[in-house]
Amino acid sequence: MSFPLLTATAALPAIGAIATAAVPAARRNAAKSLALLFSLATLALAIVVLVRFDPGGDRYQLTESHSWIADFGVRYELGVDGIAVALIALTALLIPFIILAGWHDADPLETGSGRWRPTQGFFALILAVEAMVIISFEATDVFLFYIFFEAMLIPMYFLIGGFGDRAHEHGEETAATQRSYAAVKFLLYNLVGGLIMLAAVIGLYVVAGNFSLTEIAEARANGSLDMATNTERWLFLGFFFAFAVKAPLWPLHTWLPNAMGESTAPVAVLITAVVDKVGTFAMLRFCLQLFPEASKWATPAILVLAVISIIYGALLAVGQRDIKRLVAYASISHFGFIILGIFAMTSQGQSGATLYMVNHGISTAALMLVAGFLISRRGSRLIADYGGVQKVAPVLAGTFLIGGLATLSLPGLAPFVSEFLVLVGTFSRYPVIGVIATLGIVLAALYTLVLYQRTMTGPVKPAVSTMPDLRARELVVVAPLIALLIILGVYPKPLTDIVDPAVKQTLSDVQKKDPQPEVEAAK
């Protein structure tokens, strides 16, 4: 029996979470080091998965299949395609940086009335989320996917509510209330989406007789499973609603600004760069494969919602006074681009959407983590409390600028390639939608450059005059992310080689081909 590589990749952070939580309370640094060690070991396994994956091979590779709940047709089935491999690599890459960036975020307060959970709990919860996200990317059994899709809400709830941001202008008591509100709102929104999806999962079992993604998709393709049109549409809506909440897509997005605003910067990165990617990934893996006709039926409405997300998120980012909420609304706009690329139903659009998931994760991590370092120095999230930072902390300001330029998709940085492909893929089939979506680029330039101008340039405010520059640990966090943004911006081919075959197979599922360009005949 071959080594269960996919199981090991998901199980290792889960074991790490248990081991970290078991460290005695007095040994906080040991707990941190152990969590970091397990995250690095998980990254090593993710690299092995990446190396062993053959883009020209079978659609799902490194597969594992075992009977689990035989009476209900539930199996423990894992397998990865190029899209899943890229997102597993992203997740495993970001978690060590999240842990390093949050090294002191769960330390006890020496003063104040706030009570904090043990440091061990903070890092154990991060590893638990990593384990659940990775197995969600690997699962090819719908029921198995659903379990971890929902289970990851519990550690995220405690990370938001129990280890929230300490920088709050209204004091610790108000901050605790707002953290609790943000955590409950996050949980309720996602639980409602999950319950609706559960009904759809049960309906799918009634229609198909099993939960195997590969078997159901194959039966749909060869005509042995013929769903009634209305049945397929209702099942599609049940799945899509849950994924749209997780993504998040307008108007189901309102939990995200609260959750990111009240979280520590590393947890905010965990939310938007890791957990939310499960929603957009699932649209590709489950919605399009299981319900191809319903996906095409819903495409016009989804494209409109995606464009609204792009413009709405960008406009609200322009008007924000809070740094972290600005990044949250910018992420809503970016997720609109991802969903636009998925449902444009073109190879360029879906390749761009997959690249966008990876590149947005890296760029948002870079920008938000540097913002977190900035906020921890000043003790405020308000943009108005900053000014002239580049004169006293030039390295911090420089990395903040590169993260911001990546957010606005500057050519030469990784997000540009993905955003360009999404817009090209959309315009080739839906030119009006494509043109409107480009407004998001203009607005992104506005909110990013205004944020930099107001915080980093101008006269040095007294409160930031003694602000230290990035320390060694912080440079270890930021430098690799900046390097990746530049490398993938200049040479994205290794990533596109992995995801393109999976994108072509997804387009084949929905029986779509790229529109042929209209070339005027030469006279």
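Please read these numbers as outputs of a predicted model, since none were measured by experiment.
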Using only atom types and a distance under 3.5 Å, with no angle test, would you say the side chain of [X] pairs donor to acceptor with the backbone of [Y]?
| X | Y | result |
| --- | --- | --- |
| Arg454 | Gly387 | no |
| Ser351 | Gln348 | no |
| Tyr386 | Thr457 | no |
| Thr299 | Ser295 | yes |
| Arg179 | Ser263 | no |
| Gln289 | Arg285 | yes |
| Ser428 | Gly425 | yes |
| Asp322 | Leu382 | no |
| Trp255 | Val245 | yes |
| Ser418 | Pro415 | yes |

Side chains of [Y] and [X]: any donor to acceptor distance under 3.5 Å?
| X | Y | result |
| --- | --- | --- |
| Glu419 | Tyr356 | yes |
| Tyr447 | Gln320 | no |
| Thr364 | Thr272 | no |

Worksheet item: Is it true that Glu474 and Arg377 have a side-chain N and a carboxylate O under 4.0 angstrom from each other?
Response: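 Answer for the salt bridge query: yes.
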Rounded to the nearest 0.5 Å, how far apart are [atom1] of [X] and [atom2] of [Y]?
| X | Y | atom1 | atom2 | result |
| --- | --- | --- | --- | --- |
| Thr506 | Ile342 | OG1 | CD1 | 9.5 Å |
| Leu12 | Glu130 | CG | CD | 8.5 Å |
| Thr407 | His334 | OG1 | NE2 | 5.5 Å |
| Ile332 | Leu316 | CD1 | CG | 8.0 Å |
| Leu252 | Phe241 | CG | CZ | 5.0 Å |
| Phe137 | Leu87 | CZ | CG | 4.5 Å |

Fill in: Stepwise side-chain contact (heavy atoms from CB on, under 4.5 Å) test for Thr426 and Val422
CA-CA 6 Å; Thr426 303; Val422 166; 4.1 Å; yes
Discussion item. Here's a test for you: under ring pair (Phe, Tyr, Trp, His ring centres under 6.0 Å), which of Tyr189, Phe335, Tyr312 qualifies with His253?
Written reply: Tyr312
Worksheet item: So, Phe240 versus Phe343, ring centres under 6.0 angstrom or not?
Response: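 Yes: the rings meet the under 6.0 Å criterion.
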Minimum-distance pair of heavy atoms, taken over all atoms of [X] and [Y]:
| X | Y | answer |
| --- | --- | --- |
| Val477 | Ala101 | CG2-N, 3.8 Å |
| Met260 | Lys324 | O-CE, 3.3 Å |
| Asn359 | Ala414 | ND2-O, 3.1 Å |

Worksheet entry | Six-ring centre of Phe149, Lys246 cation under 6.0 angstrom, axis tolerance 45° |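 Yes; both conditions hold, so Lys246 lies above the ring face of Phe149.
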Worksheet item: Is the number of heavy atoms from other residues, nucleotides or ligands under 6.0 Å of Phe420 CZ greater than 12?
Response: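 Counting neighbours around CZ of Phe420, 12 or fewer heavy atoms of other residues, nucleotides or ligands fall under 6.0 Å, so no.
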Fill in: Positive for side chain to side chain contact (heavy atoms under 4.5 Å, CB included) with Val274, one of Thr91, Ile126, Leu90
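Passing option: Thr91.
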